[in-house]
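Shown next, in structure tokens, is the structure this report addresses.
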Amino acid sequence: MSIVFSRKLDGIGETLTLCFQNRVTPLSRMLAQCAKQPIYSIGSGGSVILAEFLGQCRAHLGFAISSSVTPLAYILENSDPAAASWFFSASGENHDIRTAYLHGVRDRPEDVFVL
């Protein structure tokens, strides 16, 4: 196991503590807001895991279809104009996720969610 991955696993307790200390009401509202519409869940690197997890959660709850895609696929493919877009990024510093985000807010800023 790499040192970087090992450090991340060692920090899981701190991550969970932070999760339990924060309110989930804003996230719950965001999920409910687009429960009936399809979504694109966009992430790269480790964030693609979270993008896929969102899709699994939505499927379990009986929400509309979710498509997990990379930022490049999101930009290049013809997207569903009725779909919301969820962006996942640890820092928001990667050029691919920033470009995809700009692409998303250009058309439907009211249906863009960022985590």
Side-chain angles (χ1 to χ4, degrees):
M1 180 179 331
S2 76
I3 292 172
V4 172
F5 186 66
S6 179
R7 279 192 219 136
K8 288 182 179 186
L9 284 178
D10 289 344
I12 195 79
E14 182 181 347
T15 299
L16 290 172
T17 298
L18 289 169
C19 288
F20 293 128
Q21 289 175 349
N22 288 291
R23 297 181 55 90
V24 295
T25 305
L27 180 59
S28 298
R29 280 194 205 119
M30 289 167 41
L31 286 166
Q33 181 178 337
C34 59
K36 294 181 181 179
Q37 72 187 118
I39 69 160
Y40 289 102
S41 189
I42 304 107
S44 60
S47 297
V48 78
I49 295 167
L50 291 173
E52 183 61 32
F53 181 66
L54 174 62
Q56 294 297 318
C57 290
R58 284 174 48 91
H60 180 74
L61 293 168
F63 288 4
I65 192 165
S66 303
S67 298
S68 298
V69 296
T70 65
L72 182 60
Y74 178 75
I75 293 167
L76 295 178
E77 295 176 3
N78 290 328
S79 60
D80 180 349
S85 300
W86 285 66
F87 294 89
F88 293 89
S89 179
S91 67
E93 302 278 328
N94 296 351
H95 294 293
D96 61 347
I97 199 75
R98 292 176 124 195
T99 303
Y101 169 79
L102 292 174
H103 179 78
V105 297
R106 182 183 63 219
D107 296 327
R108 293 184 56 139
E110 70 278 5
D111 286 327
V112 170
F113 302 87
V114 178
L115 293 167

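The minimum heavy-atom distance between Gly43 and Pro71, with the atom names listed, is O-CD, 3.6 Å. For Asp80 against Tyr40, the heavy-atom pair with the smallest separation is N-OH, 2.9 Å. Shortest non-hydrogen contact noted between Leu31 and Leu54 is CD2-CD1, 3.6 Å. Taking every heavy atom of both residues into account, Ile42 and Ser85 meet most closely at CD1-CB, 4.0 Å. Among all heavy-atom pairs drawn from Val105 and Pro109, the shortest one is O-CD, 3.4 Å.
A distance of 12.5 Å separates OG1 in Thr25 from CE in Met30, rounded to the nearest 0.5 Å. Put simply, CD on Gln56 and OG on Ser41 are 10.5 Å apart, with the number rounded to the nearest 0.5 Å. Between the OG atom in Ser68 and the CD1 atom in Ile49 there is a gap of 11.0 Å [rounded to 0.5 Å].
Using a distance-only test at 3.5 Å, with no hydrogens or angles considered, no donor-acceptor pair links the side chain of Arg108 to the main chain of Ala84. Proximity of a side-chain donor or acceptor of Gln37 to a complementary backbone N or O of Ala82 within less than 3.5 Å is detected. Judged purely by atom type and a 3.5 angstrom limit, Tyr74 has no side-chain atom pairing as donor or acceptor with the backbone of Ile97. Remark: the backbone N or O of Gly92 is paired with a side-chain donor or acceptor of Arg98 at under 3.5 angstrom.
Under a hydrophobic-cluster definition in which Ile, Leu, Val, Met, Phe, Trp and Tyr are linked whenever side-chain heavy atoms come within less than 4.5 Å, directly or via other members, Val114 and Leu102 are assigned to the same cluster. Cluster annotation: Ile39 and Tyr101 are assigned to distinct hydrophobic clusters (Ile/Leu/Val/Met/Phe/Trp/Tyr, side-chain heavy-atom contacts under 4.5 Å, transitive).
Other residues, nucleotides and ligands place more than 12 heavy atoms under 6.0 Å from the CD atom of Glu110. A 6.0 Å sphere centred on CG of Leu76 holds more than 12 heavy atoms belonging to other residues, nucleotides or ligands.
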In sequence, state the C-alpha distance, the side-chain angles, and the governing distance for Phe113 and Cys34, and then conclude on side-chain contact (heavy atoms from CB on, under 4.5 Å). CA-CA 10 Å; Phe113 302 87; Cys34 59; 4.1 Å; yes
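By the 4.5 Å heavy-atom criterion applied to side chains, Leu27 and Leu115 are counted as neighbours.
For His103 and Arg106, the side-chain atoms include at least one donor-acceptor pair closer than 3.5 Å.
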